[in-house]
There are 2 protein chains.
Amino acid sequence: MDEKIRSGCPVSLGLDIFGDRWTLLIIRDLMFSGKRHYREMLGSEEHISTNILADRLKMLLDEGIVVKTEDPSHKQKAIYSLTEKGIDLLPILMQISSWSYKYRPVDEAYVDNAAPYEQGGDWDDLMTELRKVHLRPGDAPTVSNGPSNT
Amino acid sequence: MDEKIRSGCPVSLGLDIFGDRWTLLIIRDLMFSGKRHYREMLGSEEHISTNILADRLKMLLDEGIVVKTEDPSHKQKAIYSLTEKGIDLLPILMQISSWSYKYRPVDEAYVDNAAPYEQGGDWDDLMTELRKVHLRPGDAPTVSNGPSNT
DNA sequence: AGCAAGTGCTTGTATTTTGCAACTGGTTGC
DNA sequence: GCAACCAGTTGCAAAATACAAGCACTTGCT
């Protein structure tokens with residue numbers, strides 16, 4: 001089930017998916033904070049509501065940006081991972097960060113991390129790293145989420 | 001008059017401003033479609049509502065991302081221009097486009113334009129061009145809207 | 001064996017934002 | 001002097017969001 005498409009413009013088509021206050025923060029958690037579980041993302045400092053998080057994760061699964069697997073250590077635990085499509089969102093997050101470092105009051109706690117994310121940075125290394133962590137080959141999703149199930 | 005800040009994270013700080021369905025489309029209109037007037041933006045194919053457009057333009061003026069000047073040709077006409085801060089959003093739009101070209105059903109009408117926007121493209125030339133068109137030196141905003149920040 | 005804490009959510013409700021359509025006060029061209 | 005155009009504003013319904021509980025389990029501890 002595709003979300004509503006407003007036009008064939010590439011900017012618009014991107015925003016149709018992640019043009020909201022929360023979606024890219026979930027991606028950020030997966031990419032940079034090493035958060036892989038629902039409760040961890042709930043605990044991020046922006047305090048996303050549990051129903052919104054559930055809704056967005058469902059959408060990201062539907063879109064093939066994220067996959068869900070079982071955690072062997074706990075039958076109720078789910079591990080969320082980025083797909084290649086999700087990892088490819090990194091340059092967008094990087095450019096947003098870059099702009100914010102220039103124009104917004106970024107917290108000092110983040111400034112240390114700023115260097116590697118600077119313009120012309122080595123995103124490729126970072127993406128390679130993300131692929132290693134998220135894209136374990138042969139690791140098909142074990143928690144099926146039939147597109148558009150209830 | 002700062003909008004609500006959820007955290008000091010650079011991604012979050014960016015989304016606090018343009019993390020919605022419409023704001024970046026307005027920037028796109030100013031950047032790529034040569035639209036400089038209210039009515040022109042209203043006419044874009046995504047059909048933004050007039051109250052939303054008015055609201056977002058007000059916010060963008062407050063944030064110093066856009067400035068408003070009088071159109072000498074018509075006393076009621078206003079010209080909207082990007083500031084440097086606004087022009088610096090170009091890399092974000094480019095990365096969004098790039099991702100959409102790869103993963104979304106971009107309309108054929110846009111595919112011709114795709115080439116110059118490809119990865120590693122020469123955004124600098126485009127930004128130089130935008131500065132020429134939007135940043136006319138000594139052209140201070142003639143319609144004051146009391147920006148409350150830098 | 002029993003219980004508290006933890007798991008990914010769902011449900012219900014109040015508040016906020018959005019979408020839609022009509023309308024406003026003024027300007028301009030003919 | 002009048003229709004078309006200008007940048008918006010206003011009012012209302014619908015949708016999205018935030019907040020707080022609750023649910024059906026599983027796990028670790030005793």
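So you know, we letter chains A, B, ... as the sequences are listed, proteins then strands, and number each from 1.
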Touch class at under 4.0 angstrom, heavy-atom based, for [X] against every strand present:
X	value
H37(A)	sugar-phosphate
D20(B)	nothing
D71(A)	nothing

Tell me whether the side-chain N/O atoms of [X] come closer than 4.0 Å to OP1 or OP2 in [N].
X	N	answer
K75(B)	dG29(C)	no
R21(A)	dT16(C)	no
R56(A)	dT17(D)	yes
K58(A)	dT10(C)	yes
K68(A)	dT7(C)	no
W22(A)	dA18(D)	yes

Task: Residue whose nearest DNA chain C nucleotide is more 5′ - I48(B) or L42(A) - done: L42(A)
- [ ] By nearest nucleotide on DNA chain C, pick out whichever of R39(B) and H47(B) is the more 5' one.
- [x] H47(B)
Open item on the list: Need to verify one output field. Residue with the more 5' nearest nucleotide on DNA chain D, D55(A) or D55(B)?
Closed with: D55(B)
Using whole Å, what does the distance between atom [atom2] of nucleotide [N] and atom [atom1] of [X] come to?
X	N	atom1	atom2	result
K35(A)	dT7(C)	NZ	C1'	17 Å
L53(B)	dA21(C)	CG	P	17 Å
L25(B)	dT18(C)	CG	C1'	15 Å
E70(A)	dT27(D)	CD	P	11 Å
Q76(A)	dT26(D)	CD	C1'	5 Å
N51(B)	dT18(C)	CG	C1'	7 Å
Y38(A)	dC25(D)	OH	C1'	16 Å
I79(B)	dC6(D)	CD1	P	13 Å

Where the side chain of [X] is defined as all heavy atoms beyond and including C-beta, which of [options] is the nearest nucleotide?
X	options	answer
K77(A)	dG8(C), dC6(D), dC20(C)	dG8(C)
I52(A)	dG19(C), dA18(D), dG8(C)	dA18(D)
S49(A)	dT9(D), dT10(C), dC19(D)	dC19(D)
H74(A)	dT27(D), dT9(D), dT10(C)	dT27(D)
T50(A)	dC9(C), dT9(D), dA7(D)	dC9(C)

Task: Option passing side chain to side chain contact (heavy atoms under 4.5 Å, CB included) with L90(A) (candidates Q95(A), R28(A), M31(A)) - done: M31(A)
TODO: Give me the one residue out of M41(A), R36(A), H134(A) that meets side chain to side chain contact (heavy atoms under 4.5 Å, CB included) with Y80(A).
DONE: M41(A)
- [ ] Decide whether L93(B) and W99(A) are clustered together by the hydrophobic rule: side chain heavy atoms of Ile, Leu, Val, Met, Phe, Trp, Tyr closer than 4.5 Å, transitively.
- [x] yes
Open item on the list: To the closest 0.5 Å, what do you measure between NZ (K58(B)) and CD (E63(B))?
Closed with: 14.0 Å
TODO: Report yes or no: do D125(A) and T128(A) form a side-chain donor-acceptor pair below 3.5 Å?
DONE: no
Task: Heavy-atom pair of closest approach, residues L61(B) and V66(B) - done: CD2-O, 3.2 Å
